[in-house]
Amino acid sequence: MAPTQGPRAPLEFGGPLGAAALLLLLPATMFHLLLAARSGPARLLGPPASLPGLEALWSPRALLLWLAWLGLQAALYLLPARKVAEGQELKDKSRLRYPINGFQALVLTALLVGLGMSAGLPLGALPEMLLPLAFVATLTAFIFSLFLYMKAQVAPVSALAPGGNSGNPIYDFFLGRELNPRICFFDFKYFCELRPGLIGWVLINLALLMKEAELRGSPSLAMWLVNGFQLLYVGDALWHEEAVLTTMDITHDGFGFMLAFGDMAWVPFTYSLQAQFLLHHPQPLGLPMASVICLINAIGYYIFRGANSQKNTFRKNPSDPRVAGLETISTATGRKLLVSGWWGMVRHPNYLGDLIMALAWSLPCGVSHLLPYFYLLYFTALLVHREARDERQCLQKYGLAWQEYCRRVPYRIMPYIY
Ligand SMILES: NC(=O)C1=CN([C@@H]2O[C@H](COP(=O)(O)OP(=O)(O)OC[C@H]3O[C@@H](n4cnc5c(N)ncnc54)[C@H](OP(=O)(O)O)[C@@H]3O)[C@@H](O)[C@H]2O)C=CC1
Ligand SMILES: CC(C)=CCC[C@@H](C)[C@H]1CC=C2C3=C(CC[C@@]21C)[C@@]1(C)CC[C@H](O)C(C)(C)[C@@H]1CC3
């Protein structure tokens, strides 16, 4: 019998039924988007022009390529790191240690890809393989999640996540049972969150840019912008890798299908949707409009980075001169909450910045189609739901102090709107 935890955590994501629906819906949506992006009408809603047969999905070459990619990223993870960081305190009062070498992995991957290309590696052939690659990524996410589910059977109760241990196998498989599954120093969740999918996303974008150059002589301005913005986002995530250790995915959520599929398949194959769309549906973009879009991205990034860095600095050292002057509320846990600066503007300023960037990533695709705006729509839904989950957890953690914070900072994400 699998170990379960004492008091049951409230079920999220619509319980077992919701989890079962998402298990099917998420991969189906990903394949729909991949097919729609390459089809003439590029419709977000409605059935795809044609359904692929198994021969279009299954390719041993794609499987080999995918396994080689995972192997390469795992090897880069194991290289000596410039720093080893400690995670948040766990239930048993211990702290796990994490290598901080994600940016190094990005640079080394770029060097290897550059070397490969100068030796004739046909990166422009990758867009043709997106469908079979997405298929093997989904398959590996399923198999890997099964392994994680089994592994949790033998994990001590203290290693289990607050959710994901309801006793319902479908729900627990989806949400994930173990908080930080590891083999020795290799932390599966931390590795997956930042490496194969995130770096894979920028590699797919680059391959789409190369393919566009092959087809049309040079990449379009729209393609350059999408590649540049998303490279900045991924580079920033890896540069500030340590900050991921305080996100709810690492500190609260178990590692199950949701994150395994999200990290390994959903991120690289749906977050590259704008570049996929642009390859098949070139869009004219003039310099004045491109400058406005760059400005929108810069504003979004400024808010996103400012808010995330302010909170991380404050959490690491509240007397740091950059945050020492900010107004705070004391909580019964001994931790404080910021009520001025970015965190006095709305309760999730980092989400606001992220959403503004999401808009800037879609605008280069023009306004003729809804498809490239999928990311903005999905991301809005994800962040509204995530904000509600975080709010519940903070209310539980900080009680009255959290209520006081909500009174002082009434808007959640968008000032005067939400
Ligand atoms: N591109 C993508 O697909 C996704 C991107 N993201 C991005 O990831 C980043 C991290 O997001 P996420 O982990 O959801 O949440 P946050 O980084 O917003 O962290 C929320 C936590 O911050 C602390 N906190 C909240 N309010 C305050 C305050 N006033 N003062 C001090 N601490 C406070 C609380 O934790 P505690 O008090 O315990 O420190 C709370 O649980 C965001 O920038 C988000 O946009 C997230 C999901 C998907
Ligand atoms: C629909 C579905 C499959 C949901 C799973 C959600 C995941 C895709 C996201 C949950 C939290 C994420 C974060 C990032 C990527 C997407 C997922 C995994 C992130 C790594 C992106 C880069 C940012 O800078 C970040 C490091 C703050 C961020 C952390 C959360």
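Indexing begins at 1, ligand by ligand and atom by atom, following the structure's order.
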For ligand 1 and Asp249, I'd like to know whether there is a polar contact (N/O to N/O, distance under 3.5 Å). no
Side chain, backbone, both or neither: the part of Ala307 lying under 4.0 Å from ligand 1 by heavy atom: neither
Does an N or O from Lys336, backbone or side chain, lie closer than 3.5 Å to an N or O of ligand 1? no
For ligand 1, which part of Val267 has a heavy atom less than 4.0 Å away: the side chain, the backbone, both, or neither? neither
Where's the contact between Arg386 and ligand 2, heavy-atom distance under 4.0 Å: side chain, backbone, both or neither? side chain
Per-atom filter on ligand 1: closer than 4.0 angstrom to a heavy atom of Cys394 are 34 (C), 40 (C), 41 (O)
Ligand 2-proximal atoms of Phe304, by part, heavy-atom distance under 4.0 Å: side chain
List the closest protein heavy-atom neighbour of atom 3 (O) of ligand 1: residue, atom name, distance to the nearest 0.1 Å. Tyr271 OH, 2.5 Å
Give a yes or no on this: more than 12 heavy atoms of other residues, nucleotides or ligands lie within 6.0 Å of atom CD of Gln88. yes
So between Thr247, Val244, Asp236, Leu26, whose heavy atom ends up nearest atom 2 (C) of ligand 2? Leu26
For Asp263, the ligand 2 atoms with a heavy-atom partner under 4.0 Å come out as 18 (C)
Of Phe229, Phe269, Trp361, the residue whose pairing with Trp201 passes ring-ring contact (aromatic ring centres under 6.0 Å, His included): Trp361
Under 3.5 Å: N/O of Arg347 near N/O of ligand 1: no
Counting heavy atoms only, which of Met248, His240, Lys311, Gln393 is nearest atom 19 (O) of ligand 1? Lys311
Hey, is ligand 1 close enough to Tyr351 that some N/O pair sits below 3.5 Å? yes
Kindly confirm or rule out an N or O of Asp354 lying under 3.5 angstrom from an N or O of ligand 1. yes
Given Phe174 and Phe261, is the side chain to side chain contact (heavy atoms under 4.5 Å, CB included) satisfied, shown in steps? CA-CA 10 Å; Phe174 180 75; Phe261 173 77; over 6 Å; no
Residue, atom and distance of the protein heavy atom nearest atom 30 (C) of ligand 2 read Glu193 OE2, 3.4 Å
Side chain, backbone, both or neither: which applies to Val234 and ligand 2 if a contact is any heavy-atom pair less than 4.0 Å apart? neither
Would you please determine whether Glu241 falls within less than 4.0 Å of ligand 2 on a heavy-atom basis? no
Counting only heavy atoms, which portion of Leu338 has something under 4.0 Å from ligand 1: side chain, backbone, both, or neither? both
Scan side-chain atoms only and decide if Thr331 and Arg335 contain a donor-acceptor pair under the 3.5 Å cut-off. no
Picking from Arg389, Arg177, Lys189, Arg386, what satisfies salt bridge (charged side-chain N to carboxylate O under 4.0 Å, His left out) with Asp253? Arg389
Distance-only donor-acceptor check, side chains Tyr233 and Asp354, under 3.5 Å: yes
What residue pairs, at least two apart or across chains, pass side chain to side chain donor-acceptor pair (under 3.5 Å) with a residue in residues 338-350? Asn308-Asn350, Arg347-Glu391, His348-Asp390
Over 60° means perpendicular and under 30° means parallel, so classify the ring planes of Trp58 and Phe135, tilted if in between. perpendicular
For atom 27 (C) of ligand 1, find the nearest protein heavy atom and state the residue, atom name and distance (0.1 Å precision). Leu337 CD2, 3.8 Å
For His348, counting its heavy atoms only, list the atoms of ligand 1 lying under 4.0 Å from any of them. 18 (O)
Among Val323, Leu355, Asn350, the residue with a heavy atom nearest to atom 9 (C) of ligand 1 is Asn350
Can you tell me which portion of Arg386 lies within the under-4.0 Å heavy-atom range of ligand 1? Options are side chain, backbone, both, or neither. side chain
Return a yes/no value: protein heavy atom under 4.0 Å from atom 28 (C) of ligand 2? no
Nearest non-hydrogen protein atom to atom 6 (C) of ligand 2, with distance, is Leu382 CD1, 4.1 Å
re atom 41 (O) of ligand 1, the protein heavy-atom contact at minimum distance is Asp390 OD1, 2.6 Å
What part of Thr246, side chain from CB on, backbone N/CA/C/O, both or neither, has a heavy atom under 4.0 Å from ligand 1? neither
Polar contact flag for Thr247 and ligand 1 (N/O pairs, less than 3.5 Å): no
Verify the contact flag for atom 19 (C) of ligand 2, where contact means a protein heavy atom under 4.0 Å away. no
Is it the side chain (CB and beyond), the backbone, both or neither of Tyr375 that lies under 4.0 Å from ligand 1, heavy atoms counted? side chain
Hey, looking at atom 21 (C) of ligand 2, which of Phe13, Tyr233, Tyr271 has the closest heavy atom? Tyr233
Separation between CG (Leu194) and CZ (Phe103), nearest 0.5 Å, reads 13.0 Å
To which protein heavy atom is atom 48 (C) of ligand 1 closest, and what is the distance rounded to 0.1 Å? Leu382 CD2, 3.5 Å
